[in-house]
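Quick one: structure below, then a few questions.
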Amino acid sequence: MTDFRFELRATDGAARLGLLHTAHGGIETPAFMPVGTAGTVKAMMPESVAATGAQILLGNTYHLMLRPGAERVRDLGGLHVMMNWPGPILTDSGGFQVMSLAKLRTLNEDGVTFQSHIDGSRHVLTPERSMAIQHCLDADITMAFDECTPFPATPAQAADSMRLSMRWAVRSREAFVARPGYGLFGIVQGGVHLDLRAESAEALQAIGFDGYAVGGLAVGEGQEAMFATLDGTVPHLPQDKPRYLMGVGRPADLVGAVLRGIDMFDCVMPTRSGRTAQAFTRRGTVNLRNARHQEDRRPLEEGCSCPACRNYSRAYLHHLTRCQEILGAMLLTWHNLHFYQDIMRRLRLGILAGKLGQVAEGILAEEALGDIQ
RNA sequence: GGAGGGGUGGCCGAGUGGUUAAUGGCAGCAGACUGUAAAUCUGCCGACGAGAGUCUACGUAGGUUCAAAUCCUGCCCCCUCCA
């Protein structure tokens, strides 16, 4: 079986072109991972997700723990088999829910007790349990259990939160069962405080992980602060391991982060926006709910090879979203995922050609043009 | 012909003397969405005005009252039952 390893193939400035080998296949980086929280990328068949160019999906410990249950997923053959996604899967540890479901949980040194948002039942997530669940899910990449520090946070709060995550990182590492082709990523925290980020990055390397994630960003701090935090964090991460910016982001965020040396991303934006009528195009975002599209026979994006753009007009997409027809969500999600993968392809080609700066400028300049009128 | 009920903003529908330009919902017009409690959420939604504000509004014509969507009278229309 393949070893879990990261092959660095080219660099352009801080940016890197790589190939990440896992038990379920390789991933070209920089990579964007569609989010499939509950064992499905919402509104998409897995075959369709693959057709967009996605090579790895993200799943979620907390949601799958509640339904259908980690052991049940394991008994059904693991997440790949259950959801018919043969490629690599990364699972979030539940750390994001520590923040997003803050009202429904209590936290102590040992871990977090959630009150299920579904039926109110209590569920305990500790680093050990999170590792066991992700093992049940058969995640190629397991994420350490952390607390996604909310924003804003005082330096003291961010430090306490980050240090708790570092202690949990030790326990995650110890509980993780090493298997060929499977890896464990640590998560850097520290808010927007560079000294804390540096401390966190060093602490994780002392533990030793197969990859390093930057967490706790895109939580309200703004792009400028996020980039500044990356500038202060990435140099503290090892060259020979993949770097994953969690939960990011908009197209311009991806471009800026790749320029700063990030290799992996995930974000709900393309999928959620697809379900709420917002499309991402080369010329910025388009809200298909808007009345101006009701008689527009043109495709959403000229030249795009996704099914939504190849076979349907803006007027029809507008009609579908107006009627809240499922097909509208499906087509826009497909387009958005296709668009995101296209951006990643362009960035990878840019790195390979040593012209990432030009490619990045081109993407941002196009976006600034705004939608066709 | 008789008895009863009802006519409210694009639609449905609250409201039975002042706090009502008039609750809600839908439709409409926009906005938000970043490791998914999201096919969700937020704002606007009579006219004119940038705004303060002004005007016109609860079938219709009058009346009572300091004050009427709300009370009284006539008329028009709709629904139910009886003949």
Side-chain angles (χ1 to χ4, degrees), chain A residues 32-44 56-64 66-67 89-105 114-120 130 134 139 141-151 165 185-189 211 213-223 225-226 244-254 256-257 262 264-280 285-294 318 320-333 336 340:
Chain A
F32 180 81
M33 306 183 276
V35 177
T37 300
T40 164
V41 177
K42 296 182 195 292
M44 293 286 283
I56 173 172
L57 298 188
L58 179 141
N60 184 275
T61 296
Y62 169 81
H63 292 276
L64 292 169
L66 297 185
R67 283 191 305 211
I89 293 176
L90 176 151
T91 48
D92 182 41
S93 60
F96 184 72
Q97 281 66 42
V98 177
M99 177 188 78
S100 67
L101 300 179
K103 287 180 199 148
L104 295 174
R105 55 78 173 163
F114 289 95
Q115 186 155 18
S116 162
H117 68 280
I118 299 162
D119 64 5
S130 180
Q134 294 180 77
I141 301 175
T142 292
M143 297 305 299
F145 187 56
D146 67 334
E147 179 193 17
C148 181
T149 307
F151 181 87
S165 287
F185 282 23
I187 305 173
V188 179
Q189 292 289 348
V214 181
L217 288 177
V219 288
E221 77 282 359
Q223 192 191 64
M226 179 173 82
Y244 161 31
L245 178 55
M246 305 187 77
V248 174
R250 297 195 176 91
D253 297 330
L254 306 183
I262 296 294
M264 301 166 67
F265 303 88
D266 80 281
C267 190
V268 303
M269 195 131 269
T271 44
R272 179 184 289 169
S273 291
R275 296 192 306 281
T276 59
Q278 184 176 61
F280 290 90
T285 59
V286 179
N287 186 343
L288 268 308
R289 214 167 32 220
N290 289 172
R292 69 190 180 91
H293 303 111
Q294 52 198 0
H318 168 79
L320 292 175
T321 60
R322 264 306 160 84
C323 298
Q324 302 201 63
E325 282 293 338
I326 295 169
L327 182 58
M330 292 166 60
L331 289 172
L332 289 185
T333 300
N336 284 344
Y340 266 63

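What you see is a predicted model, and the numbers here were worked out from it, not measured in a lab. Chain letters run A, B, ... following the sequence lines, proteins first and then strands; every chain starts at 1.
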Check your understanding: Start at the 5' end of RNA chain B and walk down; is the nucleotide closest to A:Met99 or to A:Glu325 reached first?
Key -> A:Met99
Check your understanding: Any chance the side chains of A:Asp92 and A:Gln134 put a donor and an acceptor closer than 3.5 Å?
Key ->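 No donor-acceptor contact under 3.5 Å links the two side chains.
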Review point. Does a distance-only test, which skips hydrogens and angles, find a donor-acceptor pair under 3.5 Å between the side chain of A:Asp266 and the base of B:G35?
Key: no
Check your understanding: Is the gap between the ring centers of A:Tyr340 and A:Phe32 under 6.0 Å?
Key -> yes
Review point. Of the nucleotides B:G35, B:C33, B:A37, which has the atom closest to the A:Ser273 side chain?
Key: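 Among the listed nucleotides, the one closest to the side chain of A:Ser273 is B:C33.
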**Study point:** Between P of B:G35 and CE of A:Met269, the distance in whole Å
**Key:** 7 Å
**Study point:** Test log, rule side chain to side chain contact (heavy atoms under 4.5 Å, CB included), inputs A:Thr142 and A:Ser93
**Key:** CA-CA 7 Å; A:Thr142 292; A:Ser93 60; over 6 Å; no
Exercise for review: Using a cut-off of strictly less than 4.0 Å, decide whether A:Asn287 has a side-chain nitrogen or oxygen near OP1 or OP2 of B:G31.
Suggested key: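 It does, given that an N or O in the side chain of A:Asn287 lies less than 4.0 Å from OP1 or OP2 of B:G31.
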Check your understanding: Expressed in whole Å, how much space separates the C1' atoms belonging to B:A57 and B:U20?
Key ->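 Those two atoms are separated by 11 Å.
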**Study point:** From CG (A:Leu332) to CG (A:Leu320), nearest 0.5 Å
**Key:** 8.5 Å
Study note, to complete from the structure: Mate of B:C29 across any strand shown (Watson-Crick or G-U wobble, both atom pairs under 3.5 Å) is B:G43
Review point. Taking only side-chain nitrogens and oxygens of A:Ser100, does any of them come within less than 4.0 Å of OP1 or OP2 of B:A37?
Key: yes
Exercise for review: Using the C1' atom on both, measure B:U56 against B:A47 and round to a whole Å.
Suggested key: 7 Å
Point to revise | Spacing of A:Phe32 atom CZ relative to B:G35 atom P, expressed in whole Å | key: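 Roughly 9 Å, once rounded to whole Å.
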Review point. For B:G9, which nucleotide in any strand shown is its Watson-Crick or wobble partner with both distances under 3.5 Å?
Key: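 Per the H-bond distance test, none.
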Exercise for review: Spell out yes or no: do the side chain of A:Asp146 and the base of B:G35 have one donor N/O and one acceptor N/O closer than 3.5 Å?
Suggested key: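 Side chain to base: pair present.
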Check your understanding: Would you say A:Gln97 reaches B:G35's phosphate, i.e. side-chain N/O to OP1/OP2 under 4.0 Å?
Key ->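 Answer is no, no contact under 4.0 Å.
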Review point. Counting only heavy atoms not in A:Arg292, do more than 12 fall under 6.0 Å of its CZ?
Key: yes
Exercise for review: With P as the reference atom in both, quote the distance from B:A67 to B:G13 in angstrom, rounded to an integer.
Suggested key: 33 Å
Exercise for review: Please confirm whether any donor atom in the side chain of A:Arg322 sits under 3.5 Å from an acceptor in the base of B:G28, or the reverse.
Suggested key: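 Answer no: no donor N or O sits under 3.5 Å from an acceptor.
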Point to revise | Opposite nucleotide pairing with B:G4, Watson-Crick or G-U, both atom distances under 3.5 Å | key: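 With both distances under 3.5 Å, B:G4 matches B:C79.
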Practice item. Sticking with atom C1', work out how far B:C29 lies from B:U73, rounded to a whole angstrom. Key: 44 Å
**Study point:** Separation of the P atoms in B:A68 and B:G17, to the nearest angstrom
**Key:** 14 Å
**Study point:** Interatomic distance at P, B:U64 relative to B:C45, whole Å
**Key:**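 To the nearest whole Å, 37 Å.
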Practice item. Could you check A:Thr91 against A:Asn60 for side chain to side chain contact (heavy atoms under 4.5 Å, CB included), going step by step and ending with a plain yes or no? Key: CA-CA 5 Å; A:Thr91 48; A:Asn60 184 275; over 6 Å; no
Exercise for review: Both distances under 3.5 Å, Watson-Crick or G-U wobble: report the partner of B:A67, or none.
Suggested key: none
Review point. So, is A:Asn290 near the phosphate of B:C29, with a side-chain N or O under 4.0 Å from OP1 or OP2?
Key: no
Review point. Is the distance from OP1 or OP2 of B:G31 to the nearest side-chain N or O of A:Gln278 less than 4.0 Å?
Key: no
Practice item. Kindly say if A:Arg272 contacts the phosphate of B:A32, meaning a side-chain N or O under 4.0 Å from OP1 or OP2. Key: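 A:Arg272 to B:A32 OP1/OP2: no side-chain N or O under 4.0 Å.
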Check your understanding: Over how many whole Å does the gap from A:Arg289 atom CZ to B:U42 atom P extend?
Key -> 13 Å
